[in-house]
Peer 1: 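Here you go, one structure.
In what follows, chains carry the letters A, B, and so on, assigned in the order in which the sequence lines appear, proteins first and then strands, with residues in each chain numbered from 1.
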Amino acid sequence: MTTELAKHFEPTTAESCYPDWEERGRFSSRPREGRKGDYCIVLPPPNVTGTLHMGHAFQHTLMDALIRRERMRGKNTLWQAGTDHAGIATQIVVARELEKRGIHAAKLPREEFLRHAWEWKERSGGLITAQMRRLGASCDWARERFTMDDDLSRVVISVFVRLYEEGLIYRGKRLVNWDPVMLTAVSDLEVVSEEEAGVMYHVRYPFADGGKDRGGGIIIATTRPETILVDGAIAVHPEDERFRPLLGRRVTVPMTEPPRDIEIIADSFVDPAFGAGCVKITAAHDFNDYAVRERHPEKNIPLIILFTPEAKMNENAPAKYQGLDRFEARKRIVEDLRAGGLLIKEEPHRYHLPRGDRSGAVVEPMLTDQWFVRAAELAPKALAAAAEGRVRFFPENWRKTYQHWLENIQDWCVSRQLEWGHRIPAWHDDEGNIYVAESEEKAREKANGKKLRQDSDVLDTWFSSALWPFSTLGWPEENNEHYRRYFPTSVLVTGFDIIFFWVARMVMMSERLAGKEPFRDVYITGLVRDAEGQKMSKSKGNIIDPLDVVGGVSLQSLLAKRADDLMTPRLRARIEAQTKKDFPNGIPPYGADALRMTFASLASYGRDIKFDLERCAGYRNFCNKLWNAARFVLSACADYKHESEATDAANGYGIPERWIVSRLQRCELEVENAFAIYRFDLAAAAIYHFLWDDYCSRYLEMAKGRLLRNRKATQRALVAVLETALRLCHPIMPFITETLWQKIAPLAGKSGETIMLAPYPSADKTKMDEKAEAEMAGFIAAVEECRKLRAELRIPPKERPAVFIGESGKATLAPLAEDFCLLTKTSEIRWNNPPANLPRVTVPLSFPRKRESSANAGNNRNEDGDNTFHLALDWQATAAADKEESARTEKKLRATKAELEKLERTLADPEFINRAPPAVVKKKTTRAAALRATQKELLRLRQTP
RNA sequence: AGGCGCGUAGCUCAGUCGGUCAGAGUACUGCCUUGACAUGGCAGAGGUCACAGGUUCAAGUCCUGUCGUGCCUACCA
């Protein structure tokens with residue numbers, strides 16, 4: 001060999017092939033002659049808020065595996081990459097960065113802030129794509145996009161204009177979730193509610209007529225006493241007898257200046273059993289209350305806004321409260337209520353507080369002008385796409401979640417009061433008219449040259465994301481080659497956390513605008529969590545950077561990454577302690593292939609992926625195993641010259657060669673079935689077991705002996721199977737397979753510059769060999785029984801005793817006698833029933849189904865009438881080993897007896913015989929016969945010593 | 001409150017059509033540095049499949065309920 005392989009797999013070396021792939025255009029989506037179909041995945045564009053996390057790496061691995069496999073299967077493939085501007089998230093990050101440099105983002109002119117944001121985008125976007133490359137992602141980088149690229153922005157604007165003109169977008173004053181820290185509206189999806197401790201205040205509103213009945217007023221319960229100031233009504237349940245007499249009566253709102261009266265009205269949303277049984281109605285600051293007002297237009301319930309955008313008390317509050325923060329105001333008002341004798345009761349109360357998911361601030365329902373999409377009009381087609389199976393979910397049950405949301409869909413607030421994003425293409429004149437157009441010029445035309453200013457809002461990020469699958473492919477240019485070829489895309493791979501945010505909205509927009517579904521399949525992945533099942537998050541300090549798993553990281557760097565940014569020292573100390581405990585020596589380098597294999601094997605249909613580095617270590621070992629297998633093959637086949645493919649007979653293939661080839665087909669079939677339903681874990685497991693158990697532990701070990709006897713055929717099998725297996729694993733482990741394939745492929749007579757474009761293996765049924773598999777199954781069983789016997793008898797490893805094998809085993813084992821001796825470290829086989837004084841085991845043989853009834857199967861039946869034979873080692877056990885052996889015998893006997901009794905009970909049941917399928921009856925009968933033989937043998941053994 | 005999951009070996013999880021289905025990896029125990037690999041080999045121990053009913057000849061698997069647990073949606077002021 002001119003080029004020796006290192007003794008251990010070195011991931012970094014293998015991973016260095018990436019630039020070559022890229023430079024040679026291996027990832028290109030350009031269609032080629034003779035390709036068999038098209039396959040496209042659009043990458044869910046990562047936010048340019050920083051770097052990729054484990055969840056991204058996980059999903060990217062799966063997408064890359066799909067793409068690489070289809071590329072090898074001969075399709076034109078496009079993996080469309082790109083990043084998302086991620087409006088609010090990025091704006092927060094950029095503002096924070098500026099803060100560090102002493103710049104107050106809020107005070108910057110819009111243009112200046114945007115300049116900083118673009119700088120940040122360049123940096124972050126570069127980091128993200130570098131990370132993806134490091135993990136092996138085979139995106140068509142030449143087509144990489146950003147949601148705010150000029151052409152994509154133009155599409156966003158034109159879609160907005162179109163939907164506006166079609167009446168699907170409108171502007172209106174509506175109650176929206178307002179984030180008083182970010183100073184923007186947020187959609188209901190961006191609000192997280194968690195239970196928190198609060199206080200329920202019971203407050204008396206005096207009767208306006210001065211009546212002293214019922215204690216002189218009505219008592220309401222509230223958690224937000226500060227909003228009393230702008231109450232518009234009191235509501236009770238229409239059938240609540242306690243309050244019925246009060247309907248229509250008026251009460252005075254406490255502490256208003258000048259005092260205001262409001263009416264007691266009936267509305268069935270009030271729960272008589274909760275709180276005081278009656279509710280104050282603050283229509284401008286509560287969604288329920290707003291709805292009450294809409295239901296009772298005749299009552300003219302006032303709609304008074306109490307807060308500034310920062311959630312401070314505005315001019316509608318009495319002078320003494322004006323300018324106070326809402327929570328400060330609450331304290332003061334409670335004090336004043338108490339002083340005025342109107343505070344009847346305070347009790348601790350747990351309730352859900354809505355907070356902005358980005359800022360963490362308590363969100364305020366606020367009446368503002370916003371832009372909305374009439375989602376309810378878009379939903380039916382999106383529902384139909386799923387119902388008709390044009391869009392299929394994997395796993396299927398996520399379809400229900402999708403449907404449920406679409407069936408209950410609300411209008412979508414798409415305006416955000418931010419700098420960073422697609423500016424809404426609407427212009428206002430001084431008279432309050434609005435002109436929606438694709439450019440200022442066009443707007444001015446519509447406005448007859450009036451002085452205009454553009455709406456200062458930008459669009460929700462998800463608005464542009466919803467167009468991503470087709471806008472990146474060239475839509476609305478219907479003739480664009482990529483659009484025609486690759487749309488609808490093949491599969492969307494994403495997490496369940498954004499089914500609402502993104503998946504449903506993409507389908508809605510695509511159905512409406514492109515007239516078809518955006519993707520055929522939706523594969524919903526689980527969410528990557530840490531080894532304890534905690535969600536990975538910066539604030540928890542349990543983030544793992546995927547590249548640190550690939551390349552390793554010292555404890556120091558890890559601590560710096562996790563804790564440096566944290567403001568609170570206590571949190572910092574806790575995270576440092578936890579990190580030191582979890583990774584006392586940092587993280588060793590596992591390599592991209594091992595990480596990818598880990599991700600694949602964790603990708604079952606479960607919801608949570610607990611990421612455990614131990615698992616990763618297992619697959620790193622697997623890489624090393626594969627590496628060393630190749631190393632062995634290369635050294636064993638240094639003198640091998642490939643000759644053209646021939647029949648098994650001409651190849652000189654024996655049973656083991658036919659067996660390993662057959663097993664390979666089976667593995668290929670399993671992988672194919674697994675990929676078809678996105679069960680990457682099953683594909684990974686099939687590959688793992690084939691390579692480790694069948695190829696390495698069994699065939700390769702046998703090959704060591706067979707190379708001496710049947711060199712050429714053994715070499716051919718070793719090389720051909722390994723070469724195919726490398727191609728089979730390539731989609732999951734691209735680097736190691738490319739490196740090894742470069743060395744192995746020439747031996748196998750394969751040409752080609754890269755494994756990436758070599759054909760993907762698919763099972764060849766003619767190479768499945770049931771007979772060889774059955775005979776090898778018998779052989780393997782014999783080897784395992786013999787090894788167990790060795791271990792039980794405590795035979796030192798260096799000893800090579802002879803082995804007795806009963807006559808009925810001869811047909812199966814004689815052709816493999818030398819292999820048997822090699823694998824069991826025995827000297828020779830003596831073909832007669834073991835002498836009675838030696839402990840022996842019973843080995844079952846299996847036969848190919850087709851030949852089961854044929855005449856020669858009978859030759860292998862022993863005196864018990866079942867397909868077994870006896871095996872013993874020519875070795876006198878020591879007393880100690882003997883004692884242990886007899887203990888084991890007892891245990892086996894108990895287990896055998898128990899199973900046999902259970903089986904016999906079943907077989908004795910006439911119902912079972914009558915109703916169960918004959919195949920099952922036969923199976924159990926056979927099993928019972930085998931157990932009886934085993935039991936007989938064990939009983940004999942117990943008496944012999 | 002509704003919806004969707006989950007509960008299988010110490011840990012992380014497979015188990016598709018009800019019948020070789022009590023499984024894998026990892027951790028653990030013993031032996032082995034044998035010419036691909038100690039990131040390895042051989043062997044071993046370890047589970048009342050959360051619990052209770054039901055359907056069935058047959059249930060980890062299907063049905064009902066209970067307990068535990070997680071997520072999502074909507075919420076009572």
Peer 1: With sequence neighbours left out, what residues match A/Trp405 under side-chain hydrogen bond (donor to acceptor under 3.5 Å, both in side chains)?
Peer 2: none
Peer 1: Which atoms form the tightest heavy-atom contact between A/Pro801 and A/Ile795, and what is the distance?
Peer 2: CG-CD1, 4.3 Å
Peer 1: Please report the distance separating the P of B/U61 from the corresponding atom of B/A77, rounded so that it comes out in whole Å.
Peer 2: 41 Å
Peer 1: Students often mix this up, so state it plainly: with edges at 30° and 60°, are the rings of A/Phe599 and A/Phe611 parallel, tilted or perpendicular?
Peer 2: tilted
Peer 1: Roughly how far apart, to the nearest Å, are B/A9 and B/U48 at atom P?
Peer 2: 9 Å
Peer 1: Can you figure out which of B/A77, B/A24, B/A27 approaches the side chain of A/Glu614 most closely?
Peer 2: B/A27
Peer 1: Could you tell me the separation between the CD atom of A/Glu792 and the P atom of B/A45, rounded to a whole number of Å?
Peer 2: 9 Å
Peer 1: What is the distance from CZ of A/Arg794 to P of B/C42, rounded to the nearest Å?
Peer 2: 18 Å
Peer 1: Could you list the residues that satisfy salt bridge (Lys or Arg N to Asp or Glu O under 4.0 Å) with A/Glu396, not counting sequence neighbours?
Peer 2: A/Arg399
Peer 1: What does nucleotides 32-39 of chain B look like as a protein-contact string, B for base, S for sugar-phosphate only, - for none, at under 4.0 angstrom between heavy atoms?
Peer 2: SSB-BBSB
Peer 1: Give a yes or no on whether a salt bridge exists between A/Glu226 and A/Lys280, defined as a side-chain N under 4.0 angstrom from a carboxylate O.
Peer 2: no
Peer 1: Whole angstroms only, please: what is the CG-P distance between A/Asn397 and B/C72?
Peer 2: 17 Å
Peer 1: Output all residues satisfying salt bridge (Lys or Arg N to Asp or Glu O under 4.0 Å) with A/Glu364, sequence neighbours left out; order by chain, then residue number.
Peer 2: A/Arg224, A/Arg326
Peer 1: Any salt bridge between A/Arg927 and A/Glu899, counting N to O under 4.0 Å?
Peer 2: yes
Peer 1: With sequence neighbours excluded, what pairs up with A/Asp357 under the side-chain hydrogen bond (donor to acceptor under 3.5 Å, both in side chains) test?
Peer 2: none
Peer 1: Which residues pass the side-chain hydrogen bond (donor to acceptor under 3.5 Å, both in side chains) test with A/Arg787, not counting sequence neighbours?
Peer 2: none
Peer 1: Just how far, in rounded Å, is P of B/A27 from CG of A/Leu613?
Peer 2: 13 Å
Peer 1: Show the distances under 3.5 angstrom between N or O atoms of the protein and N or O atoms of nucleotides 14-17 of chain B.
Peer 2:
residue : atom : partner  : partner atom : Å
B/A14   : OP1  : A/Ser604 : OG           : 2.7
B/A14   : O3'  : A/Arg679 : NH2          : 3.2
B/G15   : OP1  : A/Arg679 : NH1          : 2.8
B/G15   : OP1  : A/Arg679 : NH2          : 3.1

Peer 1: In whole Å, what separates the P atom of B/U55 from that of B/U64?
Peer 2: 15 Å
Peer 1: By nearest nucleotide on RNA chain B, pick out whichever of A/Val783 and A/Ser601 is the more 5' one.
Peer 2: A/Ser601
Peer 1: Go nucleotide by nucleotide along RNA chain B from the 5' end; which of A/Arg787 and A/Leu602 gets its closest nucleotide reached first?
Peer 2: A/Leu602
Peer 1: Could you list the residues that satisfy salt bridge (Lys or Arg N to Asp or Glu O under 4.0 Å) with A/Asp608, not counting sequence neighbours?
Peer 2: A/Arg529
Peer 1: Any luck finding a side-chain donor-acceptor pair between A/Tyr619 and A/Ser601 under 3.5 Å?
Peer 2: yes
Peer 1: Would you indicate which nucleotide in B/G19, B/A43, B/A77 comes nearest to any side-chain atom of A/Glu784?
Peer 2: B/A43
Peer 1: In whole Å, measure the gap between the C1' atoms of B/U56 and B/C62 for me.
Peer 2: 10 Å
Peer 1: Please state the P separation for the pair B/A14 and B/C28 - nearest whole angstrom.
Peer 2: 24 Å
Peer 1: Can you identify which nucleotide, out of B/C42, B/A77, B/U73, has its nearest atom closest to the A/His404 side chain?
Peer 2: B/U73
Peer 1: Could you tell me if A/Thr282 and A/Asp231 have a donor-acceptor pair between their side chains, going purely by distance under 3.5 Å?
Peer 2: yes
Peer 1: Since syn is defined as within 90° of 0, does B/C17 count as syn or as anti?
Peer 2: syn
Peer 1: Between C1' on B/C6 and CH2 on A/Trp398, what's the gap in Å once rounded to a whole number?
Peer 2: 12 Å
Peer 1: In whole Å, I'd like the distance from the CD atom of A/Glu911 to the P atom of B/U55.
Peer 2: 14 Å
Peer 1: For the pair made of CG in A/Leu406 and C1' in B/U73, what is the distance, rounded to whole Å?
Peer 2: 13 Å
Peer 1: Would you call the rings of A/Phe393 and A/Tyr402 parallel, tilted or perpendicular, where under 30° means parallel and over 60° means perpendicular?
Peer 2: tilted
Peer 1: When you check the phosphate oxygens OP1 and OP2 of B/C13, does a side-chain N or O of A/Lys610 lie under 4.0 Å from one of them?
Peer 2: yes
Peer 1: Check RNA chain B for consecutive Watson-Crick or G-U pairs with both distances under 3.5 Å and list the runs of at least three as stems.
Peer 2: B:1-7 with B:67-73, B:10-13 with B:23-26, B:28-32 with B:40-44, B:50-54 with B:62-66
Peer 1: On a whole-Å scale, what distance lies between the C1' atoms belonging to B/U33 and B/G19?
Peer 2: 47 Å
Peer 1: Using atom C1' of each nucleotide, how far apart are B/G30 and B/A45 to the nearest Å?
Peer 2: 10 Å
Peer 1: Applying side-chain hydrogen bond (donor to acceptor under 3.5 Å, both in side chains), can you list everything that pairs with A/Thr222, at least two apart in sequence or on another chain?
Peer 2: none
Peer 1: Using the P atom as the reference point in each nucleotide, state the distance between B/G3 and B/G65 in Å, no decimals.
Peer 2: 11 Å
Peer 1: Could I get a table of every N or O pair under 3.5 Å where one atom is in the protein and the other is in nucleotides 69-71 of chain B?
Peer 2:
residue : atom : partner  : partner atom : Å
B/G70   : N2   : A/Arg607 : NH1          : 3.3

Peer 1: NA contact type, A/Pro796, heavy-atom cut-off 4.0 Å: base, sugar-phosphate, or nothing?
Peer 2: nothing
Peer 1: Just to verify, what does A/Glu190 make a salt bridge (Lys or Arg N to Asp or Glu O under 4.0 Å) with, not counting sequence neighbours?
Peer 2: A/Arg416
Peer 1: Would you kindly give the NZ-to-C1' distance between A/Lys923 and B/G19, to the nearest whole Å?
Peer 2: 7 Å
Peer 1: Under 4.0 Å, heavy atoms only, any strand: does A/His349 hit a base, just the sugar-phosphate, or nothing?
Peer 2: sugar-phosphate
Peer 1: Would you say A/Glu196 has more than 12 foreign heavy atoms packed within less than 6.0 Å of its CD?
Peer 2: yes
